[in-house]
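For reference, the structure discussed in these notes is given below.
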Amino acid sequence: MAAERYDALRRERHWQAVWDERGLFRGSEDDRRPKYYVLEMFPYPSGRIHMGHVRNYTMGDVVARYMHAKGHNVLHPMGWDAFGLPAENAAFERGIHPAKSTYDNIAVMRGQLKRLGLSIDWTREFATCDLDYYHQQQRLFLDLLKAGLVDRKTRKVNWDPIDQTVLANEQVIDGRGWRSGALVEQREQPEWVFKITRYAEDLLRALDRLERWPDKVRLMQANWIGRSEGLLVRFAVEGAPPEGHDVLEVFTTRPDTLFGASFLAIAPDHPLAKAIAETNAEAGAFIDECHRHGTSAAEIETQEKKGFDTGLRVRHPLIEGATLPVFIANFIVMEYGTGAIFGCPAHDQRDLEFARAEGLPVLPVVLPPGENPKRFAICEEAYTGDGLLINSSFLDGLDVAAAKDAVAERLTKKKLKGKPVGDRQVQYRLRDWGISRQRYWGCPIPMIHCPSCGIVPVPESDLPVKLPEDVSFDRPGNPLDHHPKWKHVSCPQCGGKAMRETDTMDTFVDSSWYFVRFCAPKSHEPTDLAATRHWLPVDQYIGGVEHAILHLLYARFFTRAMHKTGHVAMDEPFRGLFTQGMVTHETYKDVHGKWLLPEEVSRKDGEAVHAKTGEPVTVGAIESMSKSKKNVVDPETIISAYGADTARWFMLSDTPPERDIEWSEAGVEGAHRFLQRMWRLVREAAAKGAPPSGAKPAKFGPGAEALRRAAHRSLAAVTAAIEKLRFNTAVAQIHELANALSSGLQSAGPHPAPDQAYALREAAELLARIASPMIPHLAEECWAELGHETLLAEEPWPAPEKALLLEETVTIAVQVNGKRRDELTIARDAAKEDIEAAALKLENVVRAVGGRKIKKVVVVPQRIVNVVA
RNA sequence: GCCCCAGUGGCGGAAUUGGUAGACGCGGCAGACUCAAAAUCUGUUGCCCGCAAGGGCGUGCUGGUUCGAGUCCGGCCUGGGGCACCA
């Protein structure tokens with residue numbers, strides 16, 4: 001046979017056109033088949049698709065095509081997470097209007113995605129920056145407002161004092177503004193928030209029911225919500241505290257350690273700290289110092305612990321006459337609990353470090369098991385485990401749990417200024433979701449500030465609040481705020497002069513309901529309830545693990561909020577979640593320390609050199625592909641060199657989908673080689689095999705039988721692997737079937753007998769069918785080559801012949817004292833006694849036992865025998 | 001700093017979830033075909049000892065549970081993700 005090669009590029013275009021023409025992938029609400037909603041996280045239109053997209057959308061496409069073949073009415077849509085900071089940054093840097101760059105990018109990326117051959121219902125496509133989408137989102141905002149789920153709160157932001165603008169954490173580099181280079185400061189400002197904390201308990205509890213979510217994501221969300229039970233303790237402030245601050249409230253999860261307390265600490269933003277600063281310049285300076293860095297948690301918590309002694313003291317609630325100093329401390333945040341803590345250095349690492357720095361006492365009150373109470377002391381590490389209480393009056397001898405109860409019991413009964421000293425409380429780490437952004441490229445918040453009526457919503461009839469197109473990016477800050485006319489409006493209530501809200505919404509709002517909009521993307525309402533009832537929840541959601549907390553938690557909250565406001569009829573948006581790994585690549589630096597693209601590097605005698613200059617290149621760590629480190633490979637170059645199926649096959653092969661995959665040229669070539677091999681095998685089988693209409697022979701010889709068994713085993717294994725999203729093992733199984741077909745073709749010779757001819761074509765057909773979700777173009781080509789007039793994309797998923805899956809004999813290992821000494825091939829259903837008898841007769845076993853007395857024989861049928869001697 | 005995850009041959013990884021560690025692929029080695037190369041095909045390939053039969057070691061390190069541990073438990077080490085205004 002001529003060594004004709006499969007022309008992937010030409011044939012892929014052909015099959016894409018055929019599928020498209022038939023409208024195969026449109027999801028319909030009028031369909032009796034069971035629905036299946038597959039969704040991959042929609043892309044930000046950054047310019048071109050990257051390898052992460054290829055991986056993500058290939059996985060989703062396998063699921064979509066597989067469920068389609070399994071007889072489901074599949075919804076598999078695509079859209080664009082189109083608002084966001086990068087387009088706005090580009091506008092500032094290069095003067096391109098965000099709308100233009102965004103829609104241009106979408107056009108490019110849509111074409112790229114289409115060339116991947118994804119089974120997407122493109123009729124439902126939209127971008128979040130489409131006026132229609134953000135119009136509906138403004139209506140949702142107003143509904144949430146009416147439902148009491150929107151609030152206005154003061155929050156801290158990164159402030160660039162030179163550019164006079166708010167910075168995203170991303171724009172703060174080493175504590176400085178990315179453009180001005182100025183040291184960033186914290187600043188408080190009023191913002192719109194969604195009251196996600198109202199759902200904290202429900203969001204936490206419902207995690208238990210998300211059975212098809214990875215445990216690690218559920219755990220991360222649970223930790224993020226951070227429910228903790230504890231005690232609110234009210235301390236009486238001694239002397240003459242600022243007005244209204246004679247009681248200081250502290251939340252603690254460790255009331256048992258109260259006898260070991262040596263100080264109180266309050267956040268720099270605590271009202272008491274602010275009040276003190278009004279009369280105490282030193283305190284004010286300290287607070288300013290605390291504000292002289294960004295707002296990110298990592299930044300705050302890795303600082304050196306610093307405190308300012310306010311001079312105030314509070315009375316210890318359980319020790320008569322004892323008092324504790326009150327500090328302002330840089331590691332206490334106002335956002336959690338009451339913004340104040342009592343410090344027990346012996347049993348909390350942060351408190352210990354602070355106490356050492358400030359020279360405060362460290363008194364152990366919990367004794368680790370096995371320690372001597374007289375000699376036990378804390379050195380460099382706080383003890384946070386369980387034990388019995390010491391040095392603690394009436395708590396002595398109790399364990400931690402009992403001591404917590406005893407303290408709570410005592411303090412809830414005590415009174416301070418008419419309130420109990422202690423209140424049992426549940427606190428959450430979760431904070432309300434601040435959605436205000438001082439940016440242009442986002443959904444305008446439909447509110448108006450009126451000097452006489454206050455803040456009033458834009459009436460529904462005045463919606464949408466449209467982004468003005470004539471904005472300039474010639475100076476830092478929010479272009480909406482700088483716009484000469486846009487924000488000046490009349491108050492919808494009194495008609496007087498008023499100002500529009502110039503903040504836009506966090507883009508996480510956009511991505512919190514796009515999956516709902518896909519159910520009825522053209523509806524004149526935000527949602528079509530019937531359509532949402534039909535499609536939701538999303539059956540399988542696939543995306544990067546980097547979204548495990550924020551996006552997924554916000555979407556879960558927003559779905560609840562939409563339920564409350566009558567836009568959907570359910571609470572949990574994603575029944576199944578899969579978090580894929582990233583795509584990584586080696587990094588390269590030239591002699592000047594500048595990052596190099598992989599295509600700028602070549603190999604010479606095993607050493608990496610610059611492709612043009614020949615200068616040596618330093619090969620760095622394997623990291624996730626990122627523009628900043630230039631370790632990116634454009635999927636387009638792979639698709640145009642090898643075709644989409646090769647890119648898809650590479651992405652699914654070898655590496656488990658949840659793990660990071662390393663991109664390599666060799667891997668791509670290997671993937672391409674297999675596709676060519678599969679093509680050759682199927683063509684040969686088509687030439688030698690029985691025709692599609694051929695009858696099934698009554699009997700099969702051993703060779704044909706073996707091939708049939710291999711084919712059906714692979715079918716069963718691939719089916720199971722796809723169901724569990726274990727694409728790498730599915731690929732391995734497909735390799736095995738290709739190997740079996742290859743040896744079948746060889747042993748059958750040039751003129752196969754009828755039973756062989758039948759088995760060959762059956763194996764080739766099954767090969768094409770089980771590979772079709774992953775490499776749909778080649779599979780379609782193979783299907784046609786095998787003489788079929790139908791489209792493989794419209795064929796149902798085959799079922800294996802059960803009789804071919806069961807072997808009559810099994811080979812089991814025989815161990816002596818846990819070490820494998822021999823193996824035993826025996827009837828599958830052999831009795832335990834027979835297995836044991838056969839095992840003990842084995843020469844190797846007899847030798848290993850060496851005449852010792854046999855104490856016990858463990859027999860696990862179909863698995864193992866272990867002789868204990 | 002806090003939370004989460006991962007670690008198995010030269011490499012990516014498999015292992016019916018406590019039961020033959022290394023399926024499948026990449027790479028290597030040997031061979032076939034070829035004037036030659038590419039492509040393709042066949043065999044082989046964890047490490048050590050041994051002609052072989054066979055034996056020893058082996059799933060990041062370390063201790064434990066068990067007839068039996070890559071898998072479960074304790075303590076470490078290394079790498080990665082998230083940390084609320086990147087998406």
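In the text below, chain A, chain B and the rest are named by the order of the sequence lines, each starting its count at 1. Source: prediction; values computed, not measured.
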Give a yes/no on whether any side-chain N or O of [X] is located under 4.0 angstrom from OP1 or OP2 of [N].
| X | N | answer |
| --- | --- | --- |
| A:Ser296 | B:C83 | no |
| A:Arg5 | B:A38 | no |
| A:Asn739 | B:G25 | yes |
| A:Arg820 | B:G56 | no |
| A:Arg429 | B:C3 | no |
| A:Lys819 | B:G58 | no |
| A:Asn728 | B:A14 | yes |
| A:Arg437 | B:C85 | yes |
| A:Arg350 | B:C2 | no |

Using a heavy-atom cut-off of 4.0 Å across all strands, would you classify [X] as base, sugar-phosphate, or nothing?
| X | result |
| --- | --- |
| A:Val868 | sugar-phosphate |
| A:Gly434 | sugar-phosphate |
| A:Gly84 | sugar-phosphate |
| A:His551 | nothing |
| A:Asn866 | base |
| A:Ser624 | nothing |
| A:Ser653 | nothing |
| A:Thr811 | base |

*Kindly give the heavy-atom pair with the smallest separation between A:Ser512 and A:Trp433, and that separation in Å.*
OG-CH2, 3.5 Å
*Closest approach of A:Asn728 and A:Pro657, non-hydrogen atoms and distance?*
OD1-CD, 3.8 Å
_Taking CD in A:Glu381 as the centre, count heavy atoms belonging to other residues, nucleotides or ligands within less than 6.0 Å. Is the count above 12?_
no
_A quick test of your reading: do over 12 heavy atoms of other residues, nucleotides or ligands sit less than 6.0 Å from CD of A:Glu807?_
yes
*Atom CD of A:Glu501 and atom CG of A:Leu480: how far apart are they, to the nearest 0.5 Å?*
10.0 Å
*In Å and rounded to the nearest 0.5 Å, what is the CG to CD distance from A:Leu210 to A:Gln221?*
8.0 Å
Report the distance from atom [atom1] of [X] to atom [atom2] of [N], rounded to the nearest whole Å.
| X | N | atom1 | atom2 | result |
| --- | --- | --- | --- | --- |
| A:Gln580 | B:A6 | CD | P | 17 Å |
| A:Asn817 | B:G55 | CG | P | 14 Å |
| A:Leu681 | B:U40 | CG | P | 12 Å |
| A:Glu736 | B:A15 | CD | C1' | 13 Å |
| A:Glu40 | B:A87 | CD | P | 21 Å |
| A:Asn631 | B:G80 | CG | C1' | 14 Å |
| A:Met220 | B:C3 | CE | C1' | 8 Å |
| A:Leu430 | B:G82 | CG | P | 19 Å |

*Of all the choices, B:C3, B:U40, B:C5, which nucleotide is nearest to the side chain of A:Arg673 once you look at every atom?*
B:U40
*Taking the side chain of A:Arg659 as heavy atoms from C-beta outward, which of B:A39, B:G7, B:G55 is closest to it?*
B:G7
Using purine N1 to pyrimidine N3 plus N6-O4 or O6-N4 for Watson-Crick, or N1-O2 and O6-N3 for G-U wobble, both under 3.5 Å, which nucleotide pairs with [N]?
| N | value |
| --- | --- |
| B:C26 | B:G10 |
| B:C83 | B:G1 |
| B:U66 | none |
| B:U17 | none |
| B:A38 | none |
| B:G46 | B:C57 |

*With RNA chain B as reference, determine whether A:Ser742 or A:Arg726 sits nearer its 5' end, using the nearest nucleotide of each.*
A:Arg726
*RNA chain B: 5'-proximal contact among A:Ile812 and A:Phe42 (nearest heavy atom)*: A:Ile812
_Ring of A:Trp679, cation from A:Arg5 - is the NZ or CZ under 6.0 Å from the centre and inside 45° of the axis?_
no
*Considering only the P atoms, how many Å lie between B:U66 and B:C49, rounded to the nearest integer?*
37 Å
